[in-house]
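Written below as structure tokens is the structure these notes are about.
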Amino acid sequence: MRYNFSETEKKWQKRWEDEKIFVADDSDKTKKKFYGLVEFPYPSGAGMHVGHIKAYSGLEVISRKRRMEGYNVLFPIGFDAFGLPTENYAIKTGIHPRKVTDDNIVRFTDQLKRVGFSFDWTRTIDTTQEDYYKWTQWIFLKMFENGLVFRDTALVNYCPHCKVVLSNEDSQGGKCDICHTDIVQKSKDVWYLRITEYADKLLQGLDTVDYLPNIKMQQVNWIGKSTGAFVNFKIANRDDSLRIYTTRPDTLFGVTFMVIAPEHPIIEKYRDSIKNIADLDAYKEECAKKTEFERTQLVKEKTGVKIDGLSAINPINNKEIPIYISDYVMMGYGTGAIMAVPAHDERDYDFAKKFGIDIIEVIKGGNIAEAAYAGDGEMVNSEFLNGLTNKKDSIAKVLEYLEEKGIGEKGVQYKMKDWAFNRQRYWGEPIPIVHCPVCGMVPVPYEELPLKLPEVSNFEPGEGGESPLAKIDSFVNCTCPKCGAPAKRETDTMPQWAGSSWYFLRYIDPHNDKAFADKEKLDYWMPVDWYNGGMEHVTRHMIYSRFWHQFLYDIGAVPMAEPYAKRTAQGLILGPDGDKMSKSKGNVVDPNNVVDEYGADVLRVYILFMGDYASAAPWSENSVKGCKRFLDRVAGMADMIKGEGVTPALESAFHKTIKKVTGDIEELKFNTAIAAMMTLTNEIYDNGGLTKDEMKIFVKLLCPFAPHLSEEIWEALGEKGFCSLAEWPTYDEAKTVDSMVEIAVQINGKLRGTLMIPAEISKDDALATVKNDEKIKPFIEGKTVIKEIFVPKKLVNLVVK
RNA sequence: GCGGGUGUGGCGGAAUUGGCAGACGCGCCAGACUUAGGAUCUGGUGUCCCCGACGUGCAGGUUCAACUCCUGUCACCCGCACCA
């Protein structure tokens, strides 16, 4: 069959859309369902690149297969369109972000449609539309109502280039996630979401879901739960104490000094009694100036200053110990103060060596003259703990003591911080809060949502880092919804991650104006059965959205705690040069060019054939041609049809291929599934043709990968309806096995030949056949066979001497 | 430093979990058809001192048999990073 791919592809895309065959149907709630989710794109000006296509192709194939297997399938797409790149572009060009966004969405939509994805386009969402962000604001207010939103003046991560406050997640490695400028610490009014309150639930929830192991691991590390103890150290000659957190309370007898973070409030509190306050101030200033880079580079070299005028009492033995300030203790973790046990902590050891502080061994097993010892061992120099050899026992015993004496207690800490949830920017969801001089922070009433973004002509943020909205008097000035007094609106907007934290719920009921989604529909479609996306979202979007969803579950708004039953990730597509694709390197492949030159089916097949779906692989134009050749050969098979029914020589090959393709798709092993179809194609050509029934099976297998060609052949075969909705082929296990198999014959483990024998042959018969084989005889003649190994359908190995 | 992962032909990658290493595709070589081929078809293609041996980062080990298991080691990639 000869076919013009560009015409054919357009023809089928139009038919699919006209006949609405990919529109998710939830009228029959008893039918089995499949909700496949891919991360919706940010519609940037650069358009999509082939990496986007790969990200969607995995679940595209799964979703198409599910439809053929008779499921109600929900496979939606939308646009995560609020955010800085669009706003920065608007500032640069003077074009309104609304227009920029709309134009980009049109372009992205066109690109996606040209690839022939089976998305349900009737459910498309755009996070910047009022009827969408109304519900983002609604969820925010629900969180506010439930005490999960608070405001604090804090040292925050601030990007001097973007003029915006960033969350920890958005400033990993000390760089702004958007422009990669070094972030600085700045004191600001910040809105927080109390995600730490959900830290344990986020951790425990992982036990109930099917995520790839490395995804779970990254989330566990990110949450960073540690168990230990809080201990109060008295400050000598003051009626006050210094509270610390430790994971090793069993080493309390080894404490020889304390260290507090440079920003620790106790310095201000006792300012007047600290004799070397000038030195401390100088040190503090030095620390504040250090960039993240300098701090990580200088990890080895400890710095600090001893506080002259304050000392502490170790509560376990009443010994007086000095207090130091040092930037190796962070204000943001634990209590900002530590007890230092130089004998058993590497950092404390370095510090003690540098400042000439005592080192007392309390756990045997190392050589503390040389290095800190963090391993297990017998307790010494520790009074009532002496002799214990197990960390668990000593910790239990010391905790008992601390609690009994009221000087400390068991405690838990997380690395995860509360989520800094505001941006001083225009292109985001306005935070629906009013500041009233009488009532304080007052939520905008639900019936007034959405709180719309006002029209603005200048999007430039203020020099002091205030939002462009602050300049709009008509937006800022309002009356308090509670008491009616003149009040001012919050002018910050939500971060980019807000809209994507619940979008998968909106797909379920995208046009509902009474609720974010209908309860019954949520019951039917949730949870997402399979979610695929990039590894870069594992510690941000994934954690954020799990948090929001667990909160919605707690207030009874969704039917289960965990939103995603299964999560996988695709690998990157690298440029032809093996480097990461980027505009600056000029190695970006535009999917439109590939579609124009080879067709959408070739693009789809190549992207899934190029390698392991989860691994990175470089683009290769030549391999694209190989896939084109394969599809041309498939088209050619339509001219090789001989009758109906089964071709005996191909029967087993067909059953094997159905089995292989069916199984491989479920494991995301698309490359080997395609390879199996290529192999079958070669066998069909070797055989000189196939029957019409076999051709039908073939195109059904191929349909999820190359749907346009499959539909075209399906139609040419005289079939009614769509191949995309045809029943997925089944196989007969008995027919996947051959009656004759080729086995390997080894002598002393070395391959000496192969032999065709019946598959169900007995061990004795197999050995007899092998020993009588002319090629094998010379190897055993005159020798003694001392061992005979027979693996059915695989090999015979004779050990001879 | 901690955590996770990966090392297989000229290239992308397979290998039913201990059983013929290199499926499938690219590239390359030879031939056919062609005025022509960057089209198509046929055959070949791990390496070498080529009737034999050697080969899955490297060095050992277990086994009749190891890409696969064990011990050690090297290299690269990705997270987190003074987390007390």
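Below, read A as the first sequence line, B as the second, and so on, with proteins coming before strands; counting in each chain starts at 1.
- Considering only side-chain atoms of Asp612(A), the nucleotide from rA53(B), rA84(B), rA14(B) that sits closest is rA14(B).
- With both ends at atom C1', the span from rC29(B) to rG10(B) equals 13 Å, rounded to whole Å.
- Nucleotides rC41(B) and rC26(B) are separated by 10 Å at their P atoms, to the nearest Å.
- No hydrogens or angles were tested; on distance alone, nothing pairs the side chain of Asn622(A) with the base of rC26(B) as donor and acceptor under 3.5 Å.
- Atoms OH and CG, from Tyr613(A) and Asp664(A) in turn, are 15.0 Å apart once rounded to the nearest 0.5 Å.
- Considering only side-chain atoms of Thr246(A), the nucleotide from rA14(B), rA84(B), rG13(B) that sits closest is rA84(B).
- If you check distances only, the side chain of Glu742(A) does reach the base of rC20(B) with a donor-acceptor pair under 3.5 Å.
- Val259(A) comes within 4.0 angstrom of no nucleic acid atom, judged by non-hydrogen atoms across all strands.
- In this structure, Met610(A) places its CE atom 15 Å from P of rC26(B), rounding to the nearest Å.
- When the nucleotides rG79(B), rG19(B), rG25(B) are ranked by their closest atom to the side chain of Gln746(A), rG19(B) comes out on top.
- If you check every strand for non-hydrogen atoms under 4.0 Å, Thr754(A) touches a base.
- Both distances falling under 3.5 Å, in either a Watson-Crick or a G-U wobble arrangement, occur for no nucleotide opposite rG18(B).
- For Asn671(A) and rC24(B), the shortest distance from a side-chain N or O to OP1 or OP2 is not below 4.0 Å.
- Remark: rA81(B) base-pairs with no nucleotide; criterion is Watson-Crick or G-U wobble with both hydrogen-bond distances under 3.5 Å.
- Note that the CH2 atom of Trp419(A) and the CD1 atom of Ile543(A) stand 11.0 Å from one another [nearest 0.5 Å].
- Each of rA15(B), rG12(B), rA84(B) was ranked by its minimum atom distance to the side chain of Val329(A); first place goes to rA84(B).
- Interatomic distance, Phe609(A) CZ to Ile674(A) CD1, rounded to the nearest 0.5 Å: 7.0 Å.
- At rA84(B), one or more side-chain N or O atoms of Tyr333(A) fall inside 4.0 Å of OP1 or OP2 (strictly under the cut-off).
- A gap of 14 Å separates the P atoms of rC67(B) and rG7(B), to the nearest Å.
- In this structure, rG12(B) forms a base pair with rC24(B), meeting either the Watson-Crick or the G-U wobble geometry with both donor-acceptor distances under 3.5 Å.
- Taking the side chain of Tyr328(A) as heavy atoms from C-beta on, and the options rC82(B), rC24(B), rA39(B), the nearest nucleotide is rC82(B).
- OP1 or OP2 of rG3(B) has not a single side-chain nitrogen or oxygen of Asn214(A) nearer than 4.0 Å.
- Distance NZ (Lys763(A)) to C1' (rC64(B)): 11 Å, rounded to an integer number of Å.
- In a base pair of the Watson-Crick type (N1 to N3 plus N6-O4 or O6-N4) or a G-U wobble (N1-O2 and O6-N3), with each distance short of 3.5 Å, rC58(B) is matched with rG72(B).
- The interatomic distance linking Phe609(A) (CZ) with rA14(B) (P) rounds to 10 Å, in whole Å.
- Picking from rC54(B), rG19(B), rC82(B) the nucleotide with the shortest atom distance to the side chain of Lys750(A) gives rC54(B).
- Figure legend. rC49(B) is base-paired to no nucleotide; pairs are counted as Watson-Crick or G-U wobble with both atom distances under 3.5 Å.
- Between Phe355(A) and Phe351(A), the ring-plane angle classifies as parallel under the 30° and 60° cut-offs.
- The distance from atom CG of Asn748(A) to atom P of rA66(B) is 12 Å, rounded to the nearest whole Å.
- To the nearest 0.5 Å, the span separating CZ on Arg243(A) from CZ on Phe230(A) amounts to 5.5 Å.
- Put simply, Lys794(A) has no side-chain N or O that comes within less than 4.0 Å of OP1 or OP2 on rU17(B).
- A close approach under 4.0 Å does occur between a side-chain nitrogen or oxygen of Arg629(A) and OP1 or OP2 of rC26(B).
- Counting non-hydrogen atoms under 4.0 angstrom, Ala340(A) reaches nothing in the nucleic acid.
- Nearest nucleotide to the Pro618(A) side chain, out of rG12(B), rC24(B), rG19(B): rG12(B).
- No contact: Lys659(A) has no heavy atom under 4.0 Å from any strand.
- If you measure from atom NZ of Lys415(A) to atom P of rC82(B), you get 9 Å, rounded to the nearest angstrom.
- Rounded to an integer number of Å, the gap from CG of Leu795(A) to P of rU16(B) is 15 Å.
- In this structure, CD in Glu361(A) is found 10.0 Å from OG in Ser382(A), a value given to the nearest 0.5 Å.
- Within 4.0 Å (heavy atoms only), Gly224(A) reaches no atom of the nucleic acid at all.
- Of the nucleotides present, none pairs with rA36(B) by Watson-Crick or G-U wobble criteria with both distances under 3.5 Å.
- Contact annotation: Arg633(A) side-chain N/O to rU40(B) OP1/OP2 distance is not under 4.0 Å.
- At the phosphate of rC64(B), OP1 or OP2 sits under 4.0 Å from a side-chain N or O atom of Lys787(A).
- Considering only the side chain of Asn682(A), rG25(B) comes nearest among rG12(B), rA15(B), rG25(B).
- Note: CE (Met535(A)) to P (rG5(B)) measures 11 Å, nearest angstrom.
- Nucleotide rU17(B) holds its C1' atom 10 Å from the NZ atom of Lys669(A), rounded to whole Å.
- Across the C1' atoms, rC83(B) and rU16(B) are found 45 Å apart, a figure rounded to whole Å.
- Checked by atom type and distance alone, the side chain of Asn748(A) pairs as donor or acceptor with a backbone atom of Val800(A) at under 3.5 Å.
- The pairing partner recorded for rG31(B) is rC41(B), the criterion being a Watson-Crick or G-U wobble arrangement whose two distances lie under 3.5 angstrom.
- At a threshold of 4.0 angstrom between heavy atoms, the contacts of Val799(A) are confined to the sugar-phosphate backbone, with no base atom among them.
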